[in-house]
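Worksheet: the structure to be examined is printed underneath.
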Amino acid sequence: MKIIFMGNWNLGYIVLNNLLQRAIPVSMVVTNFDLDDQDIYRNRVYDLACQKDIAVYKSYRNILDYVERGDIAFSVAYGNEIFKTDILEKIKIYNFHPSYLPYYKGPSPIQWQIKNREEKWGMTCHVVDEGIDTGRILRRDNYIVNPEDTYQMALDKYNKHFSDFIVENIAGIIKKKKSGEEIETIENDTQGENYYPHLSISGHLWNSSINELADYFNRKRILCFAGNRAELGIMFPIILEMSRLYYVDLIVPDTYYISGLSDLEEKKNYIERHKYCVNFVKISVNEKEDIYFESLPNIYRKVFAYLKHQEHFPYQYAIVLGDRIESLGFALAAFYGKVPLVHMSGGDVAEVPYFDNNVRHCISKLASLHLPFSEESAATLEQMGEERGRICNIGNPSFDYGRLNLLLPKEQIEEEFHFGDEPCVVFTYHSGPMKSEEENLDEFKLCLQGVLDSEVGKIIVTFPNHDPGSEKVLDYIAMMPDTERMLVVKSLGTVKIQTILKNFKVIIVGNSSMGLLETAFYRCPALNIGDRQNERIRGCNVKDVAVNQQKITDILNDMIREYDNLKQESIRDQLLFGDGNAASRALEFLEKYKDVLPENMIVKKFVKKTG
C-alpha cells in the first residue's frame, strides 16, 4: 500500500513534516510548486519532499501510472485542481476541509465563517468523490475563535489545531487500512445551497482583527471588468475609490496576463502597497484564432457561470467601460445574471464604418446606470431613451491620476525617453476592421512617413489595438528598429502617458480616441488622422487631417511652430472631459442607488421624446 500526500502552502508543509516525524512512509508527494514564485510558502511542501528524497509531482495526473488499487492519498490545502474519475476509480482519497461539513463547502470556508461571524471554525475529514466537498464524512471537530485576534493570529492557532486533527486522522486511517478494519463514515449533505464561492483576503488585511474582517466581508459587493491595459488604466481611479466602501472584485481575461503582465503587476503592487481592497479574478478567453468568434461567447459563458456561484454574496453593481467586444460579453453576462450594469464612457458617437458605435450603444441599452465622460455624451444617452436620473457625467477618470498622486516623476520619464524641451510626438494608428490587412498596412506606413517628414524631434510609436485587420501592421511595427529619433513601444500605459501629457511639449498624432479624450485637460495639441473619430466630441486643441502624407507633414509642422499659442488657446476647452474628480463623483452617484432592489434597477423605462 503506497501512501500519497497531496498538499500545498504552510498547512501542507506542517502536516507532511509531522507525518514524516512519525515515520509514516510517504511514497510520493503531489504539490502545485512554482520555483519562480517568490511567496515563501508556495514551495515549502516541494522543498521538504526534495530534502527527504520523496518523489514530487505537480499534478495528480502525473501519478496515474504509478498508483494502483489499495493505495491511499490524503489531500491537505490542495485546491489547485478537482479530482476526476481517472484517479478516483483507482485509489481512495481523503480530504481535510476547514469547515464543519456539510456547511461551507467550496474554496473559501474560513472567509465565509468570518463573514457570517461564526464563533467556531470547523474541520472535517471526508472521502473524496466527484463533487466538491460532498464525499462521506469520517470525522468532524470545531475550534473556538477569538474575534479580537488578528486574522494571522487566529489562522496560526486554528492551523495548529487543524494540523493535529489531520495527522491523527491520517494515522488512524492508515492503521485501520493495514489491519483490514472497516472505516466508518456518515452521509454528507450534497445539496448545492451549502456551496460558497471564492472570497479573497488581501495581504495587508492579515493584521486586521476577525471582527474587522467580518465588517469588510459584509460590505456591498462590486464586480468590475477590464479587457486590456487601456481599459484598466482609465478605470483604475474608479476601482480604487469604490474599494473605500465596497468589496471590489476585478475580472481580468488571461489575454491581459499575456500582453500586459507587467502593467497588471504594477497595478497589483500599488493596490497592496497602499492598502486598497481589490481582488483580481482571472478568466480564460482563448481568442487564438478569431476575437469575434471566440472572445464574446467565452467571456459571456465564463462570467455568467461565475455569477451563478455568487448567490450567497450577490453583486450590487457590475461596472464596464467602453465599446470593445470583450466588454459586450461581460455586459451580457451581467444583464442575464441579474446584476445591475454600470456603463462608463457611453453616449460617445463616431459616425464611421467601425463597430465601436454599435457595440457602445448596445452596452448602454443593457446598462442600468451610466457614467459618461461629457455632457454631450450624457445628452446622447437621453436621446437613446435613457432616464436622466440614471445618468451622471463624471468626466474622464484618467485625469484623477494627478489628484491621487499616481503620476511618475518627470525626471523618470525624461531618463527613459529623452524628450528634452522641444515638441515631440506620440503616434498611434489603429487598423480598421472593414479594411484589408494590406490596406491597413499601407495607411499606417503613409501616416507614419508623414510624421517622419516633419520637423518634430522625438517620436514614440505605440502598437495599435489587436483588432481584426491589424496583423500585418503589428508584424511591421515589431520589425521596426529603434533609432535616436524614433522609439517603438508596445504601450505607454495610462500612468506614463498622463505624466507625458502633463510635463512635456508633446503632440498626440494618429487616430486613437486618446488624442481626443485625454489631451484637453492638459491643453495638449493633437492631430487626428482619418475618419475613425468622425463626429466624436473634441476640444479646440484637436486638428483634423485626411489620410494624406503631405498634409500630415504640413499641419504637423504648423502645430510645432505654433505649439505655445495652441496650448494657450486650449484653455477654453480644458474641462470638456472633466476636472480630475471623476472617481469621487462616480462613488457619490452610485451610493444613491445602493438600496434599490436589483430587479428595479435592471427593468428600465424608455423615455420618449416629445415635440
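Every value quoted in this text rests on a predicted model; they were computed, and no experiment measured them. Residue numbers start at 1 and run along the sequence shown.
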_Going by the rule ring pair (Phe, Tyr, Trp, His ring centres under 6.0 Å), which residues pair with Tyr100 if we only count those two or more places apart in sequence or in a different chain?_
none
*Over 60° means perpendicular and under 30° means parallel, so classify the ring planes of Trp121 and Tyr158, tilted if in between.*
perpendicular
*Check step by step if side chain to side chain contact (heavy atoms under 4.5 Å, CB included) holds for Tyr247 and Asn279.*
CA-CA 8 Å; Tyr247 181 104; Asn279 310 298; 3.2 Å; yes
*Is there a donor-acceptor pair under 3.5 Å between the side chain of Ser327 and the backbone N or O of Asp323?*
no
*Backbone of Gly493 reached by a side-chain donor or acceptor of Ser491 within 3.5 Å*: yes
*Close side-chain approach of Leu35 and Tyr46, heavy atoms under 4.5 Å*: yes
_Strictly by salt bridge (Lys or Arg N to Asp or Glu O under 4.0 Å), give each pair with a member in residues 208-218 just once, sequence neighbours left out._
Arg117-Asp215
*Is any side-chain heavy atom of Met123 less than 4.5 Å from a side-chain heavy atom of Ser163?*
no
*Passes side chain to side chain contact (heavy atoms under 4.5 Å, CB included), Lys58 versus Asn32? Steps please.*
CA-CA 5 Å; Lys58 192 166 186 177; Asn32 186 31; 3.5 Å; yes
*With sequence neighbours left out, write down each residue that passes side chain to side chain donor-acceptor pair (under 3.5 Å) with Asn269, or none if nothing qualifies.*
none
*Applying ring pair (Phe, Tyr, Trp, His ring centres under 6.0 Å), name anything that partners Phe589, two or more places apart in sequence or on another chain.*
Tyr593
*Without swapping roles, check the side chain of Thr499 against the backbone of Leu408 for a donor-acceptor pair under 3.5 Å.*
yes
*Which residues satisfy the side-chain contact (heavy atoms from CB on, under 4.5 Å) test with Pro107, sequence neighbours excluded?*
Tyr195, His198
*For Asn188 and Thr134, test the side chains for any donor-to-acceptor distance below 3.5 angstrom and give the result as yes or no.*
no
_Does either side chain, that of Tyr103 or that of Glu118, offer a donor lying less than 3.5 Å from an acceptor on the other one?_
no
_Within the 4.5 Å heavy-atom criterion, are Cys277 and Leu205 side-chain neighbours or not?_
yes
*Ile4 versus Tyr60: any side-chain heavy-atom pair under 4.5 Å?*
no
*Would a distance-only check, ignoring hydrogens and angles, find a side-chain to backbone donor-acceptor pair under 3.5 Å from Asn218 to Lys115?*
yes
*Would you kindly say whether Tyr104 and Asp133 are connected by a side-chain donor-acceptor distance under 3.5 Å?*
no
*List in chain and number order the residues that pass side chain to side chain donor-acceptor pair (under 3.5 Å) with Gln152, two or more places apart in sequence or in another chain; answer none if no residue qualifies.*
Asp156
*Considering non-hydrogen atoms only, spot the tightest contact between Ser202 and Glu272 and give its length.*
CB-OE2, 3.8 Å
*Within-4.5 Å side-chain heavy-atom neighbours: Phe521 and Leu501*: no
*Taking the side chain as every heavy atom from C-beta outward, state whether Val252 and Leu250 have any atom pair closer than 4.5 Å.*
yes
*At what distance, to the nearest 0.5 angstrom, does CD of Glu231 lie from CE of Met344?*
10.0 Å
*Is there side-chain contact between Phe236 and Val495, with at least one heavy-atom pair below 4.5 Å?*
no
*Flag the pair Tyr78 / Phe83 as yes when their ring centroid distance falls below 6.0 Å, and as no otherwise.*
yes
*asked:* Can you confirm whether Glu599 is buried at CD, in the sense that more than 12 heavy atoms of other residues, nucleotides or ligands lie under 6.0 Å from that atom?
replied: yes
_Set of side-chain contact (heavy atoms from CB on, under 4.5 Å) partners for Glu387, sequence neighbours left out_ = Arg390, Lys604, Lys605, Val607
*Side chains of Ile299 and Ile325: does their closest heavy-atom pair fall under 4.5 Å?*
no
Would you tabulate the side-chain donor-acceptor contacts of residues 393-402 under 3.5 Å, counting partners in other chains and residues two or more places apart, or write 'none'?
{"unit_1": "Asn393", "atom_1": "OD1", "unit_2": "Ser374", "atom_2": "N", "d": "3.1"}
{"unit_1": "Asn393", "atom_1": "OD1", "unit_2": "Gly395", "atom_2": "N", "d": "3.2"}
{"unit_1": "Asn393", "atom_1": "ND2", "unit_2": "Glu375", "atom_2": "OE2", "d": "3.1"}
{"unit_1": "Asn396", "atom_1": "OD1", "unit_2": "Ser398", "atom_2": "N", "d": "2.9"}
{"unit_1": "Asn396", "atom_1": "OD1", "unit_2": "Ser398", "atom_2": "OG", "d": "3.1"}
{"unit_1": "Asn396", "atom_1": "ND2", "unit_2": "Leu517", "atom_2": "O", "d": "3.3"}
{"unit_1": "Asp400", "atom_1": "OD1", "unit_2": "Asn581", "atom_2": "N", "d": "3.4"}
{"unit_1": "Asp400", "atom_1": "OD1", "unit_2": "Ala582", "atom_2": "N", "d": "3.0"}
{"unit_1": "Asp400", "atom_1": "OD2", "unit_2": "Arg403", "atom_2": "NH2", "d": "2.7"}
{"unit_1": "Asp400", "atom_1": "OD2", "unit_2": "Ala582", "atom_2": "N", "d": "3.2"}
{"unit_1": "Asp400", "atom_1": "OD2", "unit_2": "Ala583", "atom_2": "N", "d": "2.8"}
{"unit_1": "Tyr401", "atom_1": "OH", "unit_2": "Gly233", "atom_2": "O", "d": "2.5"}

*Go through the structure and list residues passing side chain to side chain donor-acceptor pair (under 3.5 Å) with Arg301, not counting sequence neighbours.*
Asn298
*asked:* Checking side-chain polar atoms at under 3.5 Å, does Ser364 have a donor or acceptor matched by the opposite partner on Glu386?
replied: no
*asked:* Going by the rule ring pair (Phe, Tyr, Trp, His ring centres under 6.0 Å), which residues pair with Tyr13 if we only count those two or more places apart in sequence or in a different chain?
replied: none
*Examine the side chains of Asn159 and Asn10 and answer whether a donor and an acceptor come within less than 3.5 Å of each other.*
no
_Listed partners of Gln316 passing side chain to side chain donor-acceptor pair (under 3.5 Å), at least two apart_ = none
*Given side chain to side chain contact (heavy atoms under 4.5 Å, CB included), test Val76 with Ile14 step by step and report yes or no.*
CA-CA 10 Å; Val76 179; Ile14 293 170; over 6 Å; no
*asked:* Would Arg221 and Tyr315 count as a cation-pi pair here, with the cationic atom under 6.0 angstrom from the ring centre and within 45° of the axis?
replied: yes
*Audit row: Arg44, Asp47, side chain to side chain contact (heavy atoms under 4.5 Å, CB included) steps and yes/no*: CA-CA 5 Å; Arg44 292 200 79 187; Asp47 292 339; 5.6 Å; no
*Could you name each residue pair satisfying salt bridge (Lys or Arg N to Asp or Glu O under 4.0 Å) that touches residues 587-597, not counting sequence neighbours?*
Glu591-Lys594
*Side chain of Thr31, backbone of Gly7: donor and acceptor closer than 3.5 Å?*
yes
*Return yes if some donor-acceptor pair links the side-chain N/O of His204 with the main-chain N/O of Lys275 below 3.5 Å, else return no.*
yes
_Could you walk me through whether Phe313 and Trp112 satisfy the ring pair (Phe, Tyr, Trp, His ring centres under 6.0 Å) test, starting with their C-alpha distance in whole Å, then the side-chain angles of each, then the deciding distance to 0.1 Å, before giving a yes or no?_
CA-CA 10 Å; Phe313 196 7; Trp112 281 99; 5.8 Å; yes
